[in-house]
Amino acid sequence: MPLASRLPVTAKGKVVKGSPIAKSGKDISASIKDERGSDKAKAPEPKQPIHYESDDDDKPLAHHVQRKPTASIVDDDSDDDKPLATRLPSGVKTYQRKDSLPKTVPGVKQESSPQSKPSTPSSVKTPKISSTMPSSGKSDSKMEVDGDDDEDDDIPLAQRMSSSTSIIKKVVQQKAKASSSTGSTAIAARKLLEKKKAKRLQLQMMVTKKKVITKTTTKSKKVEPVSGDGVKWTTLEHNGVIFPPPYEPHGVKMLYDGKPVDLTPAQEEIATMFAVMLETDYAKKERFIKNFWDDWKPYLGKNHVIKKFELCDFTPIFDWHAREKERKKSMSTEEKKRLKEEKLAVEEKYMWAVVDGVKEKVGNFRVEPPGLFRGRGDHPKMGKLKTRILPHDIVINIGKDAAVPECPIPGQRWKEIRHDNTVTWLAYWKDPINDKEFKYVFLAASSSLKGQSDMQKYEKARMLKDYIDDIRRTYTHDFSSSDPTKQQIAVATYLIDRLALRAGNEKDEDEADTVGCCSLKVEHVTLVAPKSLQFDFLGKDSIRYFNTVEVDERVYKAIGQFKKGKKEGDDLFERLDTTKLNLHLKGIMPSLTAKVFRTYNASITLDNLLQDTTGETTIEIIADYQRANKQVAILCNHQRSVSKGHSAQMERLEGKMQELEEQLEELETDLDRAKKGKPPLKDSEGKVKRNQTPEALEKKIAATKQKIDKMRLDMRVKDDLKTVALGTSKINYMDPRITVAWCKRHEVPIEKIFNKSLLSKFAWAMEVEPDFRF
DNA sequence: TTACTAACTTAGGACACGGCCG
DNA sequence: CGGCCGTGTCCTAAGTTAGTAA
């Protein structure tokens, strides 16, 4: 099945990164070549589908996914219930939204002479030094505190981690116990619910408490009952953010109509942003060029020689940049090292914050440098100028008693200083591309603050286990509800649960046109008789989701009904949006939202698949893990683009493989002859080979065979994974405790599965018992 | 009810790095 | 010992969700 052929091509050339994966059993991929091979303008291609059977609802669905070649609809041999999933991107969509494009555009900034930086000094000067109190007026009281901590900084991270961990563990265990005892009986549902609720509250409390305890442990100082809700920290110190260096003009002249042009530094800076991207596919897109030109023009001014984009030739700057790059690359390693160290020395102080007396890493302490916006997919704003952010654009959040970071640019000051301990950000600024959005500076993933919330995320997902049977039963029942809203909620919940779709918020017109469950349009789902659905739409990051799945007949019917009387571009679930859906979910389980299903399904799938770890050697065991990981990635539709050398690499491997096979044949011939006492034949170049004993030849043959097998396997894995990104699910969806426990059971060093960043991110999960089950 | 704001999680691509192979 | 290639890090875009305001 020519998958490729059936793929829809995106209308308007959407960018999609998908690619085909054809994997599944044996097979395939070849048919789908990578046309998209070239860079980015890739065409969409299908990825493989997964399917899962129709479900029967009530069971514990463990699902797992089996991927199959796309089109087939299901056959699941796989087993019983599993989630279905698949992916593939494609384009096609058309809906429209209202827009507000005009507002932000060019006109605006021109007001003051553009050339000077866009930053408008005037308005800005009112930085308030004063601090704003926590928005909610929450207890500031608590901030009082330790008057400066004393050094606990470098600390016992581990220690505190473990202390918190143990508490967590307890909670977890408790919970696990409860659920195991109750969980199985599907019937006690109602009661269970009540219990669960209570449990959850308890859990929440403990979690909050833990924080305090931790703190105490670390330092023995004050321990105030900060239980107030929403309080995220008591003391917070940090050094603010670091700015990119000011622009240094290079003086290389671009050509206009064939002639060199003089540009002011500000003009040149923007021209350079474009020049540098000359060889990306962005620079070939009309929209990118138009947005860039619209934003650059005002900096040139009305009377500039440069009047039309088409006559601009940026190659001199491009070439200059390429040379610079080359120069940097060719520096000696010592020199590189030195530069790196220098950079580190400058940045060191920005890399850390002290939160409640504990030194924690800051995530993104570097302010984003100016550049041209690289929106993904068919983004209406691609190419727009992302202006330089200055101190007066930045709001700092810091403890009341902490020293306010010195503004690194002389003569300027921060926009505002806040002391809001109900949030975790250290600083933010307004996004220059989207006036309604902010860019935040947060702590790194390894911080305790992030770790705690990560753990809570997984605990919430585990709580869903106790409700899932009931939820599935309910939505199955409502598939044929006469209340259309109820019916849509049921079907949407089903899709989110079984296909791991995202919630699907509405999007503005000035964003790429992508959808999730609630925002699916009629053209995104096609009925395939007798009872399958084909999904084809662009999801987050304009990644194509392409999957054909067999579903409950009632769902099939319901979708048919939902589509009836609508035209392309109409909402499939016209009575739904994410708010309504989440509101409904919250009525079922406290704080349940659509995204919890993704976490739940990813984690439970991993947990279940890992139960059949059958490998004997460590290598095989790890391969089992990767297979499980891959299923999860497929379920979640985590894709990556095929690396540009992929097909060439495969060909090379193919060639090598052939060579090996020839060698093998030759060896076999030689062996035959050797057994008969004859000398080996001449080799391919006609040279005489030396005699070898049959034993030696046999040994060689075995070795060669092994080599071939390994290679064949490697090639398959490689081809199989060329479009699947395993990392995303590992970082965000699979409860690390599942992995840690599995490692303990199978004596696999955790480092074989988690790299350094993951190890520190998941420090909170390291102590689990080997028998932990999600 | 809808619209918007704010805060935080999730995501893939670019690029740096370092081990490996001929 | 230079280039290849896979992995890890960085970067920042693009989602979700809670809460508030209109």
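What you see below is based on every heavy atom in this structure, not just the backbone, and it leaves out hydrogens, waters and symmetry mates. The model shown is predicted, which means the values in this text are computed figures rather than measured ones. Every chain is numbered from 1 and lettered A, B, ... according to where its sequence line falls, protein lines coming before strand lines.
- In this structure, A/Gly516 reaches neither bases nor backbone, as no heavy-atom distance under 4.0 Å exists between it and the strands shown.
- The side chain of A/Lys756 lies closest to C/dT9, out of B/dA11, C/dT12, C/dT9.
- Dashed line: the shortest gap from a side-chain N or O of A/Lys336 to OP1 or OP2 of B/dA16 is not under 4.0 Å.
- Ion pair A/Glu341/A/Arg338 not flagged as a salt bridge, since none of the NZ, NE, NH1 or NH2 atoms sits closer than 4.0 Å to an Asp/Glu carboxylate oxygen.
- The distance from atom CD of A/Glu326 to atom C1' of C/dG2 is 14 Å, rounded to the nearest whole Å.
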Report task. Any chance you could lay out the side chain to side chain contact (heavy atoms under 4.5 Å, CB included) test for A/His638 and A/Tyr733, step after step, and finish with the verdict? Result -> CA-CA 11 Å; A/His638 291 145; A/Tyr733 288 103; 3.5 Å; yes

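- At C/dT16, one or more side-chain N or O atoms of A/Asn505 fall inside 4.0 Å of OP1 or OP2 (strictly under the cut-off).
- Side-chain N/O atoms of A/Lys436 include none lying less than 4.0 angstrom from OP1 or OP2 on B/dA3.
- Nearest to the side chain of A/Lys439, among C/dT12, C/dA14, C/dC5, sits C/dT12.
- Of the two residues contacting DNA chain B, namely A/Lys656 and A/Lys340, the nearest-nucleotide position lying further toward the 5' end is that of A/Lys340.
- Within the nucleic acid shown, A/Lys718 comes within 4.0 Å of sugar-phosphate atoms alone, with no base atom in reach, counting heavy atoms only.
- For the pair A/Tyr733 and A/Thr424, nearest-nucleotide mapping onto DNA chain B gives the more 5' position to A/Thr424.
- For the pair A/Thr593 and C/dT16, the criterion of a side-chain N or O lying under 4.0 Å from OP1 or OP2 is not met.
- A cation-pi contact links A/Lys450 to A/Phe442, judged by a cut-off of 6.0 Å to the six-membered ring centre and 45° from its axis.
- Of the two residues near DNA chain C, A/Leu758 and A/Cys517, the one whose nearest nucleotide lies more 5' is A/Leu758.
- No side-chain N or O of A/Ser647 forms a donor-acceptor pair with one of A/Glu651 less than 3.5 Å apart.
- The nucleotide whose nearest atom lies closest to any side-chain atom of A/Ser641 is, among B/dT9, B/dG13, C/dA13, B/dG13.
- Each of B/dG13, C/dA14, B/dA7 was ranked by its minimum atom distance to the side chain of A/His379; first place goes to C/dA14.
- Residue A/His638 places at least one side-chain N or O closer than 4.0 Å to OP1 or OP2 of B/dA11.
- Taking only side-chain nitrogens and oxygens, A/Lys580 never comes nearer than 4.0 Å to OP1 or OP2 of B/dT1.
- Side-chain proximity of A/Ser757 to C/dT9, B/dT10, B/dG13: nearest is C/dT9.
- At the phosphate of B/dT9, OP1 or OP2 sits under 4.0 Å from a side-chain N or O atom of A/Ser453.
- The shortest distance between the side-chain N/O atoms of A/Asn582 and the OP1/OP2 oxygens of C/dT17 is below 4.0 Å.
- A donor and an acceptor atom, one from each side chain of A/Arg376 and A/Ser542, are nowhere located under 3.5 Å apart.
- Atom CD1 in A/Ile622 sits about 12 Å away from atom P in C/dT7, given to the nearest Å.
- Across all strands, A/Gln649 comes closer than 4.0 Å only to sugar-phosphate atoms, never to a base (heavy-atom distances).
- OP1 or OP2 of B/dA7 sits under 4.0 Å from a side-chain N or O of A/Tyr440.
- For the OP1/OP2 pair of C/dC10 and a distance below 4.0 Å, the side-chain nitrogens and oxygens of A/Arg366 include no atom meeting the criterion.
- Between C/dG6 and A/Ser643, no contact under 4.0 Å exists linking OP1 or OP2 to a side-chain N or O.
- Distances shown here put a side-chain N or O of A/Arg502 below 4.0 Å from the OP1 or OP2 atom of B/dA11.
- A side-chain donor-acceptor contact under 3.5 Å links A/Tyr428 and A/Arg418.
- As judged by a 4.0 angstrom heavy-atom cut-off over every strand, A/Gly727 is placed among residues making no nucleic acid contact.
- Between the side chain of A/Lys540 and the base of B/dT10, at least one donor-acceptor pair of N or O atoms lies under 3.5 Å.
- The phosphate of C/dA13 (OP1 or OP2) has a side-chain N or O of A/Lys386 nearer than 4.0 angstrom.
- The side chain of A/Lys595 contributes no N or O atom lying less than 4.0 Å from OP1 or OP2 of C/dG15.
- The closest side-chain donor-acceptor pair between A/Asn505 and A/Thr578 falls under 3.5 angstrom.
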